[in-house]
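FYI, side chains are in, hydrogens and waters are out, and symmetry mates aren't considered; it's all heavy atoms of this structure. The shown structure was predicted, so the numbers you read here are calculated from the model rather than taken from an experiment. So that the names make sense, note that chain A is the first sequence line, chain B the second, and so on, each numbered from 1.
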Amino acid sequence: MSASVSTVIAQRVARHIEDGEIVNLGIGIPTLVADHLPDGVDVVLQTENGMLGVGPTPAEADVDPNLVNAGKLPVSELAGASYFSSSASFGMIRGGHVDVAILGALQLDGKGRIANWSIPGKPILGVGGAMDLLVGARRVIVATTHVAKDGTPKIVQEASFPLTADRPVDLIVTEHATFAVGDDGLTLIDVAEGSSIEWIEQNTGARFDLAPQLSQEAVR
Amino acid sequence: MVDLLTPAEALAKVQPGDTVMVGGFGLVGAPLTLIAALLDASDAGDLTVISNNLGEPGRGLGKLLPTRRVRKAVGSYFTSNREVVEAHLRGEIEVELLPQGTLAEAIRAGGAGIGGFYVRTGAGTLLAEGKEQREIDGLQYLFQLPLKADVALIRAAKADRAGNLVYARTARNFNPDMATAARTVIAEVDEIVEVGQLDPNEIATPHLFVDALVRSEGAKP
């Protein structure tokens with residue numbers, strides 16, 4: 001995956017974040033979202049290892065080994081930041097006090113449920129905080145490439161990878177498409193510049209509806 | 001005054017078959033001097049280690065792995081150390097995997113006299129298998145027992161001679177929770193001051209939880 005694809009996905013996710021929201025960023029593409037927020041949108045970043053008010057990557061001279069994000073990368077401290085224990089951090093997360101979690105995905109199913117912690121046939125030895133964020137964050141946005149490295153769809157009708165939670169996510173954002181998740185499954189709500197509904201149909205393994213404005217375009 | 005021990009004296013408290021909690025998120029906030037002493041000054045085996053990760057390959061708690069002294073690891077994210085995965089595949093180490101928030105809360109419960117709790121996290125997933133479940137307000141919850149330990153090895157930035165602890169930034173993580181949940185709590189600290197020299201407002205772990213202090217020797221990960 002090229003850096004530009006990650007950037008495109010991060011930019012497309014950033015449009016869905018509102019000013020003042022408390023946001024938890026997963027490892028990988030989600031981490032980039034903070035760098036692409038539109039002007040006038042300021043958020044407060046929560047990291048599950050026990051900090052609210054996470055600032056950007058510091059200059060090398062300012063790196064504090066005791067100040068890292070959940071990806072164990074050095075971060076900085078913004079005015080108004082606070083630190084707390086792991087149990088308090090996950091109390092915030094499960095208790096519904098975090099507005100948005102942005103997570104990566106290995107697979108998504110037709111109901112908008114995510115699989116991002118385990119690969120079939122490999123021992124299950126790592127889960128981290130993904131399950132907690134999925135049950136607790138008020139909104140969950142998935143930031144993912146549209147297809148896997150081998151070119152197969154990541155969005156499939158039935159997941160072959162173990163699910164991370166029984167709760168569906170709210171929004172799925174790829175470099176090609178944005179899907180809203182509702183009670184009836186997925187609805188394509190946005191087609192990226194340079195992509196097309198045809199490409200998305202060919203590279204998505206789950207059924208989806210078209211948002212009204214897109215179905216009109218498709219007819220034209 | 002709380003005991004002020006050398007790393008070797010402190011680790012003599014770990015007995016064969018013990019359950020040991022070790023603080024830290026990866027290597028951040030991990031008691032690296034105490035881990036080094038566990039390796040060098042103790043030969044206790046058959047250990048159960050409760051820690052978010054087992055360090056990284058050859059670093060932090062990862063150093064314990066080749067010694068085969070850890071029978072079981074309880075934590076949330078062992079895939080950051082591929083040697084744990086390999087040892088598990090060879091049948092050398094038993095692993096109990098918990099979502100990170102469930103792990104932290106089980107430790108908190110262990111220290112707070114709570115006999116267990118129901119949590120949404122993990123419901124409907126492979127981690128729900130074999131767990132007692134209950135429907136609350138129309139949603140499935142999983143029952144989780146508390147976690148307790150014989151010994152907790154934790155890391156703080158500063159202590160006073162009474163054992164009050166102050167943490168540094170995100171090096172806090174699991175340390176204050178673990179300080180409440182073990183019979184014997186040993187804290188590795190960078191600096192020890194006289195009683196009265198810490199601002200009571202900044203003390204995150206009150207001294208009644210802490211049994212011994214060890215000065216950090218700045219052990220390399």
Side-chain angles (χ1 to χ4, degrees), chain A residues 27 47-54 64-77 81-96 113-120 122-136 161-168, chain B residues 23 25-29 52-54 56 73 75-82 84-85 88-89 95 97-109 111-112 119-128 139-141 155 157 167-180 204-205:
Chain A
I27 297 167
T47 183
E48 65 216 43
N49 53 318
M51 180 183 189
L52 185 63
V54 179
D64 175 347
N66 288 326
L67 183 46
V68 299
N69 63 14
K72 303 183 179 96
L73 299 171
V75 291
S76 56
E77 178 185 284
S82 54
Y83 299 102
F84 31 84
S85 68
S86 296
S87 63
S89 181
F90 282 95
M92 279 177 196
I93 290 169
R94 279 191 316 266
R113 296 179 300 184
I114 191 173
N116 74 345
W117 67 290
S118 169
I119 295 169
K122 297 211 172 168
I124 295 179
L125 296 177
V127 59
M131 289 186 178
D132 302 277
L133 285 159
L134 273 159
V135 303
F161 289 25
L163 295 175
T164 313
D166 53 11
R167 170 194 162 174
Chain B
F25 182 83
L27 301 173
V28 179
N52 192 52
N53 324 84
L54 271 189
E56 293 174 12
S76 93
Y77 203 74
F78 298 116
T79 28
S80 53
N81 184 349
R82 59 182 155 69
V84 177
V85 181
H88 179 71
L89 287 172
V95 165
L97 190 68
L98 293 171
Q100 196 176 150
T102 303
L103 173 69
E105 189 64 13
I107 296 166
R108 199 196 71 80
V119 63
R120 270 287 291 145
T121 313
T125 75
L126 288 180
L127 292 190
L139 294 171
Q140 282 303 120
Y141 282 69
R155 181 77 162 96
Y167 299 96
R169 299 194 156 115
T170 55
R172 179 181 305 213
N173 55 63
F174 286 89
N175 288 299
D177 295 318
M178 289 181 173
T180 68
T205 293

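With a 4.5 Å cut-off on non-hydrogen atoms, B:N175 does not touch chain A at all. Neither the backbone nor the side chain of A:I93 comes within contact range of chain B, judged by heavy atoms closer than 4.5 Å. The contact between A:D64 and chain B is made entirely by side chain atoms (from C-beta outward), counting heavy-atom distances below 4.5 Å. For B:V85, the parts sitting under 4.5 Å from any heavy atom of chain A are the backbone and the side chain alike. Of the two parts of B:P176, only the side chain, counted from C-beta on, holds a non-hydrogen atom closer than 4.5 Å to a non-hydrogen atom of chain A. Only the backbone of A:P65 comes within contact range of chain B, with heavy atoms under 4.5 Å apart.
In terms of heavy-atom proximity, B:L97 sits nearest to A:W117 at CD2-CZ3, 4.2 Å. Pairing each heavy atom of A:M131 with each of B:G122, the nearest pair is SD-CA, 3.7 Å. Annotation for A:N66 and B:A168: closest pair ND2-CB, 3.6 Å, computed over non-hydrogen atoms.
B:D177 places a side-chain N or O within donor-acceptor distance of the main-chain N or O of A:S87, the cut-off being under 3.5 Å.
For chain A, the option among B:R120, B:H88, B:Q100 with the highest count of heavy-atom pairs below 4.5 Å is B:Q100. With respect to chain B, the highest number of heavy-atom pairs below 4.5 Å among A:T164, A:V135, A:L133, A:V75 belongs to A:V135. Counting heavy-atom pairs under 4.5 Å between each of A:E48, A:R113, A:R167, A:E77 and chain B puts A:E77 at the top. In terms of non-hydrogen atom pairs under 4.5 Å with chain B, the most contact-rich of A:A70, A:A115, A:G50 is A:A70. The choice from B:Q140, B:R169, B:R108 that makes the most heavy-atom pairs within less than 4.5 Å of chain A is B:R169. Between chain B and the options A:L67, A:D166, A:I124, A:L134, the largest number of non-hydrogen pairs under 4.5 Å is found for A:D166. For the set B:L139, B:L103, B:V95, B:L126, the count of heavy-atom pairs under 4.5 angstrom toward chain A peaks at B:L126.
Atom CZ of B:F78 is separated from atom CG of A:L125 by 8.0 Å, given to the nearest 0.5 angstrom. Note that the CG atom of A:L163 and the OG1 atom of B:T125 stand 8.5 Å from one another [nearest 0.5 Å]. Taken from CZ in A:R94 to CD in B:E105, the straight-line distance is 5.0 Å, to the nearest 0.5 Å. A distance of 9.5 Å separates CZ in B:R172 from OH in A:Y83, rounded to the nearest 0.5 Å. A distance of 7.5 Å separates CE of A:M51 from OG1 of B:T170, quoted to the nearest 0.5 Å. One distance of note links CG of B:L98 with CG of A:D132; it measures 10.0 Å at 0.5 Å rounding.
A donor atom on one side chain and an acceptor atom on the other are not found under 3.5 Å apart for B:N173 and A:S86.
B:F25 is not listed as a side-chain neighbour of A:T47, based on a closest heavy-atom distance of 4.5 Å or more.
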